[in-house]
> 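The following block contains the structure, expressed as structure tokens.
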Amino acid sequence: MLYRYSAAGNIIGIAASTENRPSPPHCPQAVDQWVIYHPETLNLHIYNQDGTMAQQCGNGLRTLGLHLGLPKLTVIIGHKQFLIVKKHGRHWVNLGQASKLPETPIPVPHHAVNLGNQHIITFVSDNLISDFQTAFNHFNISFISQHRNQIAIRTHERGVGWTLSCGSAAAAAAFVCSRPGYRSWEVSSSGGILNVEQHQGNLWLSGPVKQL
Ligand SMILES: N[C@@H](CCC[C@H](N)C(=O)O)C(=O)O
């Protein structure tokens with residue numbers, strides 16, 4: 001069985017498979033990411049729309065929490081474990097600690113961030129997307145503006161293109177905007193608002209999800 005969800009506009013397909021290396025399912029309706037989970041081990045494989053594998057997917061992980069209907073679960077992608085917990089009616093995923101990556105040769109100011117997958121966060125206008133073309137295959141690229149703990153974001157996702165919402169990008173943007181005293185952020189994209197909280201250095205993500 002295939003299931004489709006909108007996680008603040010990020011279209012997530014979910015399927016179970018007991019194969020060691022499952023392929024993305026054939027589905028007539030488009031998805032941004034497939035999350036394929038092993039029902040016993042909760043090992044996950046995540047595929048982008050273009051068939052490339054992703055090292056993680058914040059919106060996909062919290063969607064899986066809702067799909068399985070469990071109050072608390074730990075899932076595995078590669079060698080990394082992710083805790084997903086239900087709190088106040090919503091699933092939150094612990095995306096772990098972000099770290100800065102070395103500067104890239106991109107000719108405009110930006111921050112490169114590792115959060116399991118790789119992000120570029122920049123405060124320049126998204127009109128400058130062509131300056132980031134060399135990074136399309138490796139990075140999710142987010143154009144942000146910030147006021148206090150509110151961040152507006154537009155993300156060009158690796159393996160997808162412009163997206164309505166990207167959970168790991170929201171968390172990477174919060175990491176870049178991190179200041180003493182700010183522990184929670186509202187990150188708005190055209191698909192909706194995601195919430196990011198920082199606890200003991202770990203970035204937690206939540207937001208709306210509905211089944212399609
Ligand atoms: N939409 C996702 C990110 C999916 C993976 C990304 N495109 C990549 O290849 O790194 C999210 O919600 O985090």
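On a predicted model such as this, the values are computed, not experimentally measured, just so you know. Residue numbers count from 1 along this sequence. Ligands are counted one by one from 1 in listed order, and the atoms in each one are counted from 1 as well. Note: hydrogens, waters and symmetry copies are ignored here, and every other heavy atom, side chains too, is used.
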> If you measure from each non-hydrogen atom of N10 to ligand 1, which part falls under 4.0 Å: side chain, backbone, both or neither?
side chain
> Answer yes or no: are there more than 12 heavy-atom neighbours, outside K87 itself, under 6.0 Å from its atom NZ?
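Yes, NZ of K87 has more than 12 neighbouring heavy atoms, counting only those of other groups under 6.0 Å.
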> Just jot down the ligand 1 atoms closer than 4.0 angstrom to any heavy atom of N48, in number order.
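Going through ligand 1 atom by atom, the ones under 4.0 Å from N48 are 4 (C), 5 (C), 6 (C), 7 (N), 8 (C), 9 (O).
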> Do we see a donor-acceptor contact under 3.5 Å between the side chains of S165 and N59?
yes
> Do Q97 and N202 come close enough that some side-chain heavy atom pair is under 4.5 Å?
yes
> For the 3.5 Å polar cut-off, considering only N or O atoms, please tell me whether S165 and ligand 1 meet it.
no
> Say whether L66 and L68 are linked into one hydrophobic cluster, either directly or through other cluster members, by side-chain heavy-atom distances under 4.5 angstrom.
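Same cluster.
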> Can you confirm, on distance only, whether ligand 1 has an N/O atom lying under 3.5 Å from any N/O atom belonging to G58?
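Yes; at least one N/O pair falls below 3.5 Å.
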> How are the rings of W162 and F143 set to each other: parallel, tilted or perpendicular (split at 30° and 60°)?
tilted
> Test the R62-W92 pair against the cation-pi criterion, namely NZ or CZ under 6.0 angstrom from the six-membered ring centroid and within 45° of the ring axis.
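Output no; distance or angle outside limits.
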> Shared ILVMFWY cluster between I36 and I76, side chains joined below 4.5 angstrom?
no
> Can you find a side-chain donor-acceptor pair between N195 and E186 that sits under 3.5 Å?
no
> Closest non-hydrogen protein atom to atom 2 (C) of ligand 1, residue and atom name please, with distance?
C57 SG, 3.3 Å
> Q56 versus ligand 1: do any nitrogen or oxygen atoms come within less than 3.5 Å of each other?
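It does not: no N or O of Q56 is found under 3.5 Å from an N or O of ligand 1.
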> Taking atom 3 (C) of ligand 1 as the point of reference, which of G116, G60, C166 owns the nearest heavy atom?
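Minimum heavy-atom distance to atom 3 (C) of ligand 1 goes to C166.
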> Got more than 12 heavy atoms from elsewhere within 6.0 Å of NZ, K80?
yes
> Need the ligand 1 atom indices (1-based, order shown) with element for anything under 4.0 Å from a heavy-atom of N117.
5 (C), 6 (C), 8 (C), 10 (O)
> Does V160 approach ligand 1 within less than 4.0 angstrom via side chain, backbone, both or neither, non-hydrogen atoms only?
neither
> Tell me, which protein residue and heavy-atom name are nearest atom 9 (O) of ligand 1, and how many Å apart are they?
R158 NH1, 2.6 Å
> Show me which atoms of ligand 1 lie under 4.0 Å from any heavy atom of A54.
5 (C), 8 (C), 9 (O)
> With nothing but distance in play, are any N or O atoms of G167 less than 3.5 Å from an N or O of ligand 1?
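Between G167 and ligand 1 (N or O atoms, distance only) the closest approach is under 3.5 Å.
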> Would you say ligand 1 has an N or O under 3.5 Å from any N or O of Q55?
no
> Which protein heavy atom lies closest to atom 13 (O) of ligand 1, and at what distance to 0.1 Å?
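Its nearest protein heavy-atom neighbour is S168 OG, 2.6 Å.
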> Does Q118, backbone or side chain, put an N or O under 3.5 Å from an N or O of ligand 1?
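Q118 vs ligand 1: no N/O contact under 3.5 Å.
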> Going hydrophobic residue to hydrophobic residue with side-chain gaps under 4.5 angstrom, can you get from F123 over to L101?
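Different hydrophobic clusters.
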> Taking only heavy atoms of N59, which atoms of ligand 1 are found under 4.0 Å from at least one of them?
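What qualifies from ligand 1 is 11 (C), 12 (O).
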